[in-house]
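Take a look at the structure set out below.
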Amino acid sequence: MSAVPSLTWRAPRARPAPEPFRGGAAPDEARSSGADRADATVTLELEGLTKAFGATPALDAASLRVRAGTVHCVLGENGAGKSTLCNLVFGAHSPDAGTMRLYGEPYAPQRPADALAAGVAMVHQHFSLVPTMTVAENLLLGTGLRLRPPRRELLGELDAVADTYGLSLDPDARVDALPVGIRQQVEIVKCLLRKPRLLLLDEPTGVLDPAQIESLMATCRRIAEAGHAVVLVTHKLAEVARAGDEATVLRGGRVVGGGPLAGIAQSDLVAMMVGRRVAELDPLLAAGLGLEGARPEGVGPEGSGADESAVDAAPDGGGPPAPGATVPAAAAATSAGAPRAAALAVRGLTVRRPDGTTALDAVSLTVARGEILGVAGVEGNGQSELGAVLAGSLRARSGSVELDGHDITAAPPARRTRLGLGVVPEDRLHEGCIGELSVAENLFLARLADFRRYGLLDRRALNRAADEVVAAHAIRTEDSRAPMRTLSGGNQQKVVLARELALDPLVCLVASQPTRGLDIGAVGAVVTRLRDAAARGCGILLISSELSELLAVADRIVVMYRGRALGPVRTGEPGARERLGRLMTGADA
Ligand SMILES: Nc1ncnc2c1ncn2[C@@H]1O[C@H](COP(=O)(O)OP(=O)(O)OP(=O)(O)O)[C@@H](O)[C@H]1O
């Protein structure tokens with residue numbers, strides 16, 4: 001284990017007096033006069049805020065103060081109550097007990113419209129845009145019916161946002177044709193157009209690429225420097241370091257610590273988040289958190305002997321280790337010289353988008369048994385389409401896909417699953433699970449027939465089996481019979497991963513952004529499970545926007561650039577990160 005990568009908190013900033021939000025006046029007069037009367041240095045004050053969902057205590061007597069002119073980070077494990085806190089402030093839920101004050105005035109929003117009228121805007125974990133409408137139509141919807149400005153005015157305001165924050169959008173693009181990172185930017189711009197005094201950002205960076213994250217962090221700083229406030233929910237300490245002034249850490253719904261970041265050591269912050277002292281942070285965990293320098297330069301998984309001659313060089317011969325064989329992770333990737341069977345072979349995949357542009361351009365790649373092949377790239381270069389074609393939800397124009405020697409090019413998803421293809425989709429909520437079904441049903445979605453007795457579903461056996469998986473994967477739910485939609489975002493992700501990793505047989509796992517939204521401990525657990533699966537002979541295609549994570553986990557990495565698969569780059573070779581960076585920007589394409 002190596003030491004925690006060095007990370008310095010920024011010094012606290014001088015706090016300028018609140019001033020009108022750049023680009024326009026406050027939405028209503030009452031707001032600014034309220035602010036004048038009250039303690040202008042505190043934007044939001046929560047006192048004893050409590051919320052339970054049935055028997056589940058989501059937030060337990062939480063108190064915190066968000067000062068004007070600051071970015072206040074809210075941190076904690078999956079299910080700690082972070083989204084619940086934001087939803088209470090945004091009026092999406094009502095507290096069971098406790099009080100809120102906004103700029104010193106009593107504040108009790110009954111619905112999001114009340115919060116918006118008070119100058120509080122929120123970017124949710126999950127998208128709230130209408131996919132079949134254009135960006136402009138969505139933004140017009142976002143302004144509310146009463147104050148709906150004409151399109152001309154909207155375009156002017158979009159220009160102002162672009163000037164101030166560097167976030168420019170094509171107003172005529174249809175939302176469903178946009179990559180997820182750009183969709184998230186539309187959500188953010190929708191909030192900025194409201195000129196909020198308090199912006200709540202609930203894990204906004206999961207779908208953003210590094211440049212977009214940097215631009216969002218700069219946006220947070222600009223809002224704070226204009227005297228307003230941002231509540232930033234994140235699992236990434238690098239973002240806390242980049243943009244935060246103060247932090248509050250939640251665990252099990254309770255505030256367990258926090259304060260100005262200048263006065264908190266990073267190790268103390270991590271200890272507060274996970275509930276125990278962590279002397280050293282595993283580089284893999286650090287990578288999952290987006291901390292740069294998590295792994296020494298050019299050092300990949302030990303002894304990686306994966307074939308690096310060409311993207312589509314298919315190893316042949318050499319069977320997988322026996323299922324369940326306890327091969328150390330590094331050893332599975334080793335077998336230097338011994339060619340290994342292809343778990344997945346993709347040849348010449350070509351996909352065109354509805355607008356005629358090329359999403360995949362003759363992509364060929366091979367994932368060997370026991371290998372973790374990473375797929376890197378700036379968002380929107382074909383990674384999503386590659387994942388969708390492999391999952392069977394998108395048809396390629398030409399090319400072929402073979403799983404363990406079986407042609408699955410035109411196979412429906414169920415046949416792919418039967419043959420041993422696990423899929424963790426990018427959009428877990430809409431494609432990975434069914435919100436209205438129970439956690440247990442979601443965990444065994446493809447295997448419900450195994451629990452049939454006398455033609456009926458043996459729910460008791462199903463729930464018992466689910467309880468075991470829930471415990472093994474540290475999924476936070478009161479009951480495995482609870483509807484999936486009641487789980488926190490990170491816990492939904494854990495369910496999808498647990499289900500796909502339990503497939504039998506599991507020949508290949510296509511995992512798109514599998515650690516997105518996971519807390520510090522869960523990222524480490526996922527990385528370990530992926531390595532264990534590879535050690536058992538499963539091939540893993542790991543599509544991730546976290547280059548550090550790919551460098552830490554994968555044997556080889558291909559880069560998607562304008563629909564082409566470039567590379568591969570072996571993670572162990574010196575200068576791997578630089579080479580990948582050049583491929584991602586097209587410099588070496
Ligand atoms: N609508 C709901 N119905 C039932 N339980 C809920 C609901 N919303 C949240 N919960 C529960 O409240 C607890 C806190 O959830 P919350 O979404 O606030 O966590 P979080 O800290 O945001 O987690 P994550 O990092 O995974 O997003 C969890 O146990 C969750 O299952």
Side-chain angles (χ1 to χ4, degrees), residues 46 49-62 64 72-96 98 112 122-127 200-207 231-237 239-240 247-258 272-275 288-290 428-429 432-433 435-440 442-443 466 470-471 473-498 513-526:
L46 309 181
L49 214 59
T50 299
K51 176 74 184 175
F53 294 99
T56 309
L59 207 59
D60 187 2
L64 65 89
H72 192 111
C73 301
V74 176
L75 313 170
E77 292 179 300
N78 294 129
K82 305 179 296 294
S83 297
T84 302
L85 186 146
C86 291
N87 282 325
L88 290 172
V89 177
F90 192 55
H93 297 312
S94 299
D96 300 331
M122 178 165 170
V123 174
H124 297 265
Q125 239 178 54
H126 302 294
F127 295 131
L200 307 165
L201 297 171
D202 188 1
E203 287 185 51
T205 60
V207 297
V231 169
L232 173 65
V233 175
T234 181
H235 293 290
K236 307 280 174 69
L237 293 184
E239 290 167 16
V240 178
T248 294
V249 183
L250 293 174
R251 198 163 66 245
R254 302 186 75 99
V255 174
V256 293
M272 279 184 232
M273 286 163 74
V274 300
L289 289 165
R428 64 182 169 232
L429 194 63
C433 59
E436 297 310 315
L437 292 186
S438 70
V439 172
N442 273 283
L443 275 171
V470 162
H473 285 258
I475 295 165
R476 188 164 188 248
T477 174
E478 282 298 301
D479 193 332
S480 56
R481 287 167 298 183
M484 185 76 174
R485 63 175 160 71
T486 65
L487 263 58
S488 75
N491 283 294
Q492 290 173 353
Q493 179 77 339
K494 289 186 197 177
V495 169
V496 176
L497 257 163
Q513 319 291 351
T515 61
R516 182 178 282 169
L518 293 187
D519 67 47
I520 178 170
V523 169
V526 167

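Order of listing sets the numbers, starting from 1, for every ligand and every atom in it. In this text, all values refer to a predicted model and were calculated from it rather than measured experimentally.
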Test ring pair (Phe, Tyr, Trp, His ring centres under 6.0 Å) applied to H93 - qualifying residues, sequence neighbours left out = F53
Please write down residue, atom name and distance for the protein heavy atom closest to atom 27 (O) of ligand 1.
-> Q125 NE2, 2.9 Å
To the nearest 0.5 Å, how far apart are OG1 in T515 and CD in Q493?
-> 8.0 Å
At a 4.0 Å threshold, what atoms of ligand 1 neighbour a non-hydrogen atom of G489?
-> 26 (O), 27 (O)
protein heavy-atom neighbour closest to atom 25 (O) of ligand 1 works out as K82 NZ, 2.8 Å
Sequence-distant partners of Q513, side chain to side chain contact (heavy atoms under 4.5 Å, CB included), two or more places apart = E426, R516, S544, S545
Atom 18 (O) of ligand 1 has as its nearest protein heavy atom T84 OG1, 2.6 Å
Between G76 and ligand 1, does any nitrogen or oxygen pair lie at a separation below 3.5 Å?
-> no
Looking only at protein heavy atoms, identify the closest one to atom 2 (C) of ligand 1 and say how far it is in Å.
-> F53 CD2, 3.5 Å
Side chains of V233 and C86: closer than 4.5 Å at any heavy-atom pair?
-> yes
Nearest non-hydrogen contact to atom 24 (P) of ligand 1 from the set L85, L518, N78 belongs to N78
Side-chain heavy atoms of V495 within contact of M484, under 4.5 Å | yes
Using a heavy-atom cut-off of under 4.0 Å, does the side chain or the backbone of E478 touch ligand 1, or both, or neither?
-> neither
Which atoms of ligand 1 sit under 4.0 Å from any heavy atom of L487?
-> 31 (O)
Closest approach of any protein heavy atom to atom 23 (O) of ligand 1, naming residue and atom = G79 N, 2.8 Å
What residue and heavy atom of the protein are closest to atom 31 (O) of ligand 1, and at what distance?
-> T486 O, 2.8 Å
Who's the nearest protein heavy-atom neighbour of atom 28 (C) of ligand 1, and how far?
-> R476 NH1, 3.9 Å
Polar contact flag for S83 and ligand 1 (N/O pairs, less than 3.5 Å) | yes
Got a sec: does the CZ of R476 have more than 12 other heavy atoms crowding it under 6.0 Å?
-> yes
Would you say the side-chain atoms of S83 and D202 include a donor-acceptor pair closer than 3.5 Å?
-> yes
Could an N or O of ligand 1 be found under 3.5 Å from any N or O of A58, whether backbone or side chain?
-> no
Could you check if a side-chain atom of L75 sits within less than 4.5 angstrom of a side-chain atom of L250, using non-hydrogen atoms only?
-> no
Where's the contact between E77 and ligand 1, heavy-atom distance under 4.0 Å: side chain, backbone, both or neither?
-> backbone
Would you check whether P57 has a nitrogen or oxygen atom less than 3.5 angstrom from a nitrogen or oxygen atom of ligand 1?
-> no
For H235, the ligand 1 atoms with a heavy-atom partner under 4.0 Å come out as 25 (O)
Looking at E203, which atoms of ligand 1 are within less than 4.0 Å of one of its heavy atoms?
-> 24 (P), 25 (O), 27 (O)
So do the side chains of L88 and L49 get within less than 4.5 Å of each other, counting heavy atoms only?
-> yes
Does an N or O from T56, backbone or side chain, lie closer than 3.5 Å to an N or O of ligand 1?
-> no
What atoms of ligand 1 come closer than 4.0 angstrom to any heavy atom of G81?
-> 14 (C), 18 (O), 19 (O), 20 (P), 21 (O)
Residue and atom name of the nearest protein heavy atom (relative to atom 17 (O) of ligand 1), distance in Å to one decimal = S488 CB, 3.4 Å
